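Here the structure comes first, spelled out in structure tokens, and everything after it is commentary.
The chains referred to below are lettered A, B, ... by the order of the sequence lines, with proteins before strands, and numbering in each begins at 1. Note that the coordinates shown come from a computational prediction; the quantities given were computed from them, not determined experimentally.
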Amino acid sequence: MNWSEFFAMGGYAVYVWSSYALAFVVIVGNVVLPLMQRKKVIARIKRAIRRDAILHDNSIAR
Amino acid sequence: MWHWIQRFSSPKHFYVISAKLIPWFAVPTALLMIVGLYQGLFVAPPDYQQGESYRIMFVHVPAAWMSLFIYVVMAVSAGIGLIWQIKLADMVAVASAPIGASFTFLALVTGSLWGKPMWGTYWVWDARLTSELILLFLYFGYMALQSAIEDQRTADKASGLLAIVGVVNIPIIHYSVVWWNTLHQGATVTKFAKPSIDIHMLIPLLLMALAFQLFYFAVILVRTRNEVLYRERNRRWVRELIEQL
């Protein structure tokens, strides 16, 4: 079996390779999206910590 | 036992333990996928009826199995959250929904791409395909309810009930090919008699199925950890943890 035969998938190349391409996208997406979500959550909590620190300082100053 | 459950189901405890568990799922997932793809694309022989097109099966069938498995996990954890008020269970349910929806979508589209050359159509409104599409809508409905309700406890209750009621669809999907006449082929692996599939096709199929399974476990841990951080964002342990990052 040579490579061009392999990629041709017996004439079903479009169907087979688009299935595998979509599977790849779904797998990668399921890794990337939660990692981005994690960054966002952490950034949000960091902002909250800074905001609370400022509020706390102000209440002492008064 | 009960003590152990309560300890492990504390979000803080889970957050610490899960960090160590993730690589134990992620690394085998990658290895199984590489071996499974190699076996499926290079070793498995062409099908005597379907030629090379059947190789779609190695992503289609694991995706379809996962779409059902994840829904059951989601409904069971939503049920545990409802009955025993275990917060972590609700978080697992919420974290499962987008993963399950993505696998359902993958199963539907790859099925459609397999259907076109084999059945001559991308889509038919038969029992198997329609019930799987309903599964996708159940996931969407669950996620929509979660995000539409502001109060977290109410959101968990309402969406949890939807998840539990939707379980009725799971046996319908599984037995649809038996109960109704359909274009979709019957079970060739999950039946009590000997699987009617060639061993060289069965091995990559099971490897890919196991890979998808472990992949879900890795991703559910990451997503549940995010959910823990978000929901416990005003707790001292989260604040201290984030400050150290």
Proximity breakdown for B:Met118 and chain A, heavy-atom pairs closer than 4.5 Å: side chain

B:Gln146 versus B:Asp156, side-chain donor and acceptor atoms under 3.5 Å: yes

Donor-acceptor side-chain pairing of B:Glu132 and B:Thr104 below 3.5 angstrom: no

A:Asp52 and A:Arg47 ion-paired at < 4.0 Å: no

For chain A, the option from B:Thr110, B:Thr29, B:Leu37 that forms the most heavy-atom pairs under 4.5 Å: B:Thr110

Rounded distance (nearest 0.5 Å) linking atom CE of B:Met33 with atom CG of B:Leu214: 9.0 Å

Toward chain A, the part of B:Tyr230 with a non-hydrogen atom under 4.5 Å: both

B:Tyr216 and B:Ser96: side chain donor to acceptor below 3.5 Å: yes

Contact listing (chain A partner; residues 234-242 of chain B; heavy atom under 4.5 Å): B:Val238, B:Arg239, B:Ile242

Validation row, ring centre B:Phe212 to ring centre B:Phe69 under 6.0 Å: no

Selection from A:Ile45, A:Leu35, A:Val31, A:Ile42 maximising heavy-atom pairs under 4.5 Å formed with chain B: A:Ile45

Considering all heavy atoms, the nearest B:Phe58-B:Gly40 contact: CE1-O, 3.3 Å

B:His13 atom NE2, over 12 foreign heavy atoms within 6.0 Å: yes

B:Lys87 and B:Glu232 ion-paired at < 4.0 Å: yes

Heavy-atom neighbours of B:Phe217 CZ exceed 12 at 6.0 Å: yes

Interatomic distance, B:Thr121 atom OG1 to B:Asp126 atom CG [nearest 0.5 angstrom]: 10.0 Å

Heavy-atom pairs under 4.5 Å with chain B, option from A:Ala13, A:Gly10, A:Ala23 with the top count: A:Ala23

For chain B, which residues of residues 14-21 of chain A have heavy atoms nearer than 4.5 angstrom: A:Tyr15, A:Val16, A:Trp17, A:Ser18, A:Ser19, A:Tyr20

Salt-bridge contact B:Glu227-B:Arg231 (side-chain N to carboxylate O under 4.0 Å): yes

